[in-house]
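Report on the following structure.
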Number of protein chains: 2
Amino acid sequence: MQLRDARNAGDAAAAILRRAGCRPTAQRLLVLQALGGGGHVTADDILVHARERYPSINPSTVYRTLDALVAAGIARRTDLGSDRLYFEVARTHRHHHVVCQECGAVEHLHDAALAALAPAVAAETGYRLTPDQEIAIPAICPACQSAAPADAEKGHHHHAHP
Amino acid sequence: MQLRDARNAGDAAAAILRRAGCRPTAQRLLVLQALGGGGHVTADDILVHARERYPSINPSTVYRTLDALVAAGIARRTDLGSDRLYFEVARTHRHHHVVCQECGAVEHLHDAALAALAPAVAAETGYRLTPDQEIAIPAICPACQSAAPADAEKGHHHHAHP
DNA sequence: ATAAGTGCAAAACATTTGCACTTTG
DNA sequence: CAAAGTGCAAATGTTTTGCACTTAT
């Protein structure tokens, strides 16, 4: 049945969880799987994904699992400028995000691209950039640039989160 | 009584409201006044300020007034990376924000300081920066740099919003 | 008078928490 | 079995909304 399937499919995932001191339950494997796409997802995205295979899973469980994964350094909580929290698999190297204001698409930006920022900020304000926080940069993605010359008001496409 | 006082003190403010097509009520003048400090405040900050002079003012009124002021271009809704919304008086020139992760202090950053950013973002991702969105940059303010060498965990000072 | 603005109570949200029950090791 | 994890229901905190009442013009 579903329980066993989920557990078998996620041998590597189970190991990841164990290493983090978490018991590999079906629910947690599904959360990890939803995160595994490499994209940026909300708790609700994860819940929806998990419910497909495990309908009884509860939001609390998703939130608690995410907390545990973040604490274990497996997941990362990311502010993308909206009112909800986003989560992604933790990467080893720091990166930032460009977020399309039209469709919500998100891309990574190497830390190096912001190299010039720290000195400029320090010079103007004396503030020092934190070495581990990510910066969310509102922007327009290439697809939306060509698709919608200037209709900011109406037809928000909202492609899925990439 | 309070009503008249508030109204007299805010002749210029009343004019601002009228120009925006808003009737200058005591409540709105107080919202404007709370915003007037030039800082970044939450709806609740404004509510607290307004209640000092007008105890019966309601959160809904603050929110509705802020909506109106934002729509009129008088106020600006600003994402400072927290879970609540911040508001400030709209400036004519675009600027960004550095936000101290230790105490919450906020400073402005001239758009020019980010001049190098747009080309770097375009080169790496193809995304184009939006001309009117602000970027919130998490950082550590000078005061917190010297005050707290490395106690990220405990003594969060949380000075008032500047 | 008429439209705009207000207060209140209730709803909408995303997220958190207390607690009893179930699962894992 | 004990500890960890789960579901459920209720609470949280911020923001929004419906509606009847008040105020500004």
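Please read all numbers here as calculations on a predicted model, not as lab measurements.
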To the nearest Å, how far apart are [X] [atom1] and [N] [atom2]?
X: Leu85(B); N: dG13(D); atom1: CG; atom2: P; value: 17 Å
X: Arg84(B); N: dT12(D); atom1: CZ; atom2: C1'; value: 13 Å
X: Arg28(B); N: dG7(C); atom1: CZ; atom2: P; value: 11 Å
X: Ile57(A); N: dT23(C); atom1: CD1; atom2: C1'; value: 14 Å
X: Leu29(B); N: dT23(D); atom1: CG; atom2: C1'; value: 14 Å
X: Asp79(A); N: dA14(C); atom1: CG; atom2: P; value: 16 Å
X: Arg18(A); N: dG5(D); atom1: CZ; atom2: C1'; value: 14 Å
X: Asn58(B); N: dT15(D); atom1: CG; atom2: P; value: 14 Å

Ignoring backbone atoms, test whether [X] places a side-chain nitrogen or oxygen under 4.0 Å from the OP1 or OP2 oxygen of [N].
X: Thr25(A); N: dT6(D); answer: yes
X: Ser56(B); N: dG7(C); answer: yes
X: Tyr63(A); N: dT16(C); answer: no
X: Gln27(A); N: dT23(C); answer: no
X: Thr61(A); N: dG7(D); answer: yes

Check your understanding: Are Ser60(A) and Asn58(A) close enough that a side-chain donor and a side-chain acceptor fall under 3.5 Å?
Key ->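 Per modelled atom types, Ser60(A) and Asn58(A) side chains form a pair under 3.5 Å.
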Check your understanding: Where does the angle between the aromatic ring planes of His95(A) and His97(A) fall among parallel (under 30°), tilted (30 to 60°) and perpendicular (over 60°)?
Key ->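 It falls in the perpendicular class, over 60°.
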Distance-minimising heavy-atom pair for [X] and [Y]:
X: Gly39(B); Y: Glu88(B); result: O-CB, 3.6 Å
X: Gly126(B); Y: Pro142(A); result: O-CG, 3.5 Å
X: Ile135(A); Y: Ala136(B); result: CG2-O, 4.0 Å

Practice item. Between Pro59(B) and Arg23(B), just flag the one whose closest nucleotide in DNA chain D comes earlier from the 5' side. Key: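 Here Pro59(B) is the residue nearer the 5' end.
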**Study point:** Quiz item: Arg64(A) side-chain donor-acceptor pair to dG7(D) base, under 3.5 Å
**Key:**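 Looking at the base of dG7(D), it does pair with a donor or acceptor on the side chain of Arg64(A) (distance under 3.5 Å).
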Point to revise | Base dT17(C) paired with Ser60(A) side chain (donor-acceptor, <3.5 Å) | key: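 Checked by distance alone, the answer is yes.
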